[in-house]
Amino acid sequence: MLVLMKVNATTDQIEQVCSAITEAGLRAHPLPGAQRTAIGVTGNSGPVEPGNFEDLPGVAEVIQVTKPYKLVSREMKADDTVVRFANGASIGGDELAVIAGPCGVESREQVFAAAERVAHAGAQFFRGGAYKPRTSPYAFQGLGEEGLKLLAEVRERFGMMIVTEAIDLESLRLVEQYADMIQIGARNMQNFTLLKAAGRARKPVLLKRGIAATLEEFLMAAEYLMSEGNYNVVLCERGVRTFADHTRNTLDLSIVPAVQRLSHLPIIVDPSHGTGKRHKVLPLSRAAVAVGASGLIVEVHCCPEKALSDGMQSLYPEQFDELMAQVRLIAQAVNLKVPPIRTDVAVKA
Ligand code: PEP
Ligand code: MN
């Protein structure tokens with residue numbers, strides 16, 4: 001259920017409605033919009049009697065939300081959600097968000113070499129896993145907290161916001177402490193315990209689509225995060241498993257407008273995991289921006305042949321420079337700004 005406040009409703013009136021909802025044993029989620037505030041009501045097992053709230057001061061109307069996902073739906077909030085960060089960057093607004101960096105944090109030299117290049121090219125977010133969910137238990141599992149410390153040093157040095165994955169409750173606690181955005185990976189999209197815990201975290205969440213997830217399952221996973229009070233959620237299409245064998249996964253760009261129709265949450269695209277092959281990353285990045293994605297997350301490594309994970313799909317820094325140059329042109333066509341090249345970050349020849 002959704003309580004829609006009047007345009008001129010006061011803060012006191014909004015608080016009063018929230019208290020009434022809480023007193024009824026339900027949970028209130030005030031979601032301010034451009035025009036007015038909507039208050040989502042969750043926690044009810046059956047229909048709630050709208051009359052309880054309809055007559056409270058400042059209330060315009062009470063609406064039943066028909067979709068199974070409530071807080072993520074456009075019925076709840078018509079305006080696009082914009083997630084804002086301490087360095088001035090945002091996801092979902094008028095700027096294309098670019099998250100770039102290696103698959104995994106391997107060493108100080110490796111992260112700093114990649115960070116310098118992607119910061120120079122204009123990326124405002126740096127990625128790199130300190131905890132790696134790997135198919136093989138014998139493959140590189142990540143540096144753990146030591147990796148998170150290196151990422152925090154990257155933020156300190158280059159001012160990029162840190163996006164890194166939490167794979168379980170223990171790593172979530174540390175990722176929340178060190179990073180600016182918590183990534184929930186494809187394999188964990190339906191790890192409901194982890195989703196609930198990330199929903200209680202104080203940092204924005206990047207939720208990747210599961211390898212076989214339908215649109216509804218994807219949105220329901222986001223609902224878990226929002227239902228716990230975390231409204232700063234960004235979705236990420238990263239390819240799904242199909243019978244195609246020319247590509248690691250099939251990047252489903254059609255989900256971008258599908259999500260945008262149903263949800264106010266921003267959606268970005270990962271052409272690296274979406275394709276698994278370096279030569280496909282640039283063309284699919286162009287396509288992702290053209291289709292209307294709010295951002296890209298791209299793997300970049302200065303020496304991909306030596307990468308401990310996902311070297312085949314990691315771009316060389318020069319290729320990332322080219323990607324940024326081409327994406328700048330396409331972003332213009334869809335009215336998105338792209339941060340300029342940073343001359344304050346010198347790149348060693
Ligand atoms: C990653 O971003 O390195 C990663 C493991 O992604 P995904 O969960 O999409 O496979
Ligand atoms: Mn990877």
Side-chain angles (χ1 to χ4, degrees), residues 91 97-106 110-111 114 118 123 125-137 139-144 147-148 151 161-168 171-172 175 179-191 194-195 198 204-213 217-218 221-222 225 233-242 247-253 255-256 267-278 280-281 284-285 288 293 295-316 320:
I91 308 181
V98 181
I99 307 171
C103 178
V105 176
E106 299 167 9
Q110 175 243 11
V111 275
V118 300
F125 299 85
F126 189 69
R127 64 148 293 146
Y131 300 90
K132 296 305 307 173
R134 303 303 300 280
T135 303
S136 163
F140 176 61
Q141 305 283 313
L143 298 182
L148 294 175
L151 291 169
M161 297 286 95
I162 301 301
V163 183
T164 193
E165 181 167 353
I167 54 170
D168 52 22
S171 55
L172 175 66
V175 166
D180 302 290
M181 185 172 216
I182 302 160
Q183 179 175 325
I184 302 290
R187 289 156 194 81
N188 272 317
M189 192 206 79
Q190 286 192 318
N191 179 340
L194 186 60
L195 291 174
V205 174
L206 179 64
L207 177 67
K208 299 188 90 177
R209 181 182 180 188
I211 61 166
E217 288 164 343
F218 193 16
L225 296 165
V233 176
V234 175
L235 303 169
C236 178
E237 161 60 24
R238 48 79 72 205
V240 287
R241 189 65 67 79
T242 67
T247 180
R248 178 178 178 185
N249 292 295
T250 299
L251 191 64
D252 176 17
L253 291 180
I255 203 167
V256 173
I267 176 161
I268 69 165
V269 169
D270 175 347
S272 306
H273 295 86
T275 65
K277 297 276 168 52
R278 189 175 300 131
K280 294 196 179 84
V281 174
L284 282 155
S285 298
L296 296 170
I297 176 165
V298 181
E299 289 185 340
V300 179
H301 198 294
C302 290
C303 193
E305 314 71 47
K306 297 211 176 116
L308 298 181
S309 60
D310 287 347
M312 302 276 279
Q313 66 194 31
S314 299
L315 295 184
Y316 289 94
F320 183 68

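Whatever order the structure lists ligands and atoms in, that order sets their numbers, starting from 1.
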Against heavy atoms of [X], which atoms of ligand 1 measure under 4.0 Å?
| X | answer |
| --- | --- |
| Cys103 | 3 (O) |
| Arg238 | 7 (P), 9 (O), 10 (O) |
| Glu299 | 3 (O) |

Closest protein heavy atom (residue, atom, distance) for [atom]:
| atom | value |
| --- | --- |
| atom 5 (C) of ligand 1 | Glu165 OE1, 3.7 Å |
| atom 8 (O) of ligand 1 | Ala186 N, 2.8 Å |
| atom 4 (C) of ligand 1 | His273 NE2, 3.4 Å |

Got [X] and [Y] here, is their nearest side-chain heavy-atom distance under 4.5 Å?
| X | Y | result |
| --- | --- | --- |
| Pro102 | Phe126 | yes |
| Asn191 | Ile184 | no |
| Leu206 | Ile268 | yes |
| Ile297 | Gln183 | yes |
| Leu148 | Tyr131 | yes |

* Atom name, Asp310 (N, O or S, nearest to the Mn ion (ligand 2)) ->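 It is OD2 of Asp310.
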* Asked: Can you name the N, O or S atom of Glu299 that is closest to the Mn ion (ligand 2)?
  ->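 When I compare the N, O and S atoms of Glu299, OE2 is nearest to the Mn ion (ligand 2).
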* At the Mn ion (ligand 2), what is the angle formed between atom NE2 of His273 and atom SG of Cys103, rounded to the nearest 10°? ->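 That angle is 170°.
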* Can His301 and Asp310 be counted as having a side-chain donor-acceptor contact under 3.5 angstrom? ->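 No, Asp310 and His301 have no side-chain donor paired with an acceptor closer than 3.5 Å.
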Quick check: [X] and ligand 1, any N/O pair under 3.5 Å apart?
| X | answer |
| --- | --- |
| Arg127 | yes |
| Gly185 | no |
| Lys208 | yes |

* Asked: side-chain hydrogen bond (donor to acceptor under 3.5 Å, both in side chains) with Gln313: which of His273, Lys280, Arg278?
  ->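 Of all the options given, the one that passes is His273.
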* Reported CD-to-CD1 distance for the pair Glu165 and Ile182, which is rounded to 0.5 angstrom ->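 Taking CD in Glu165 and CD1 in Ile182, the distance rounds to 11.5 Å.
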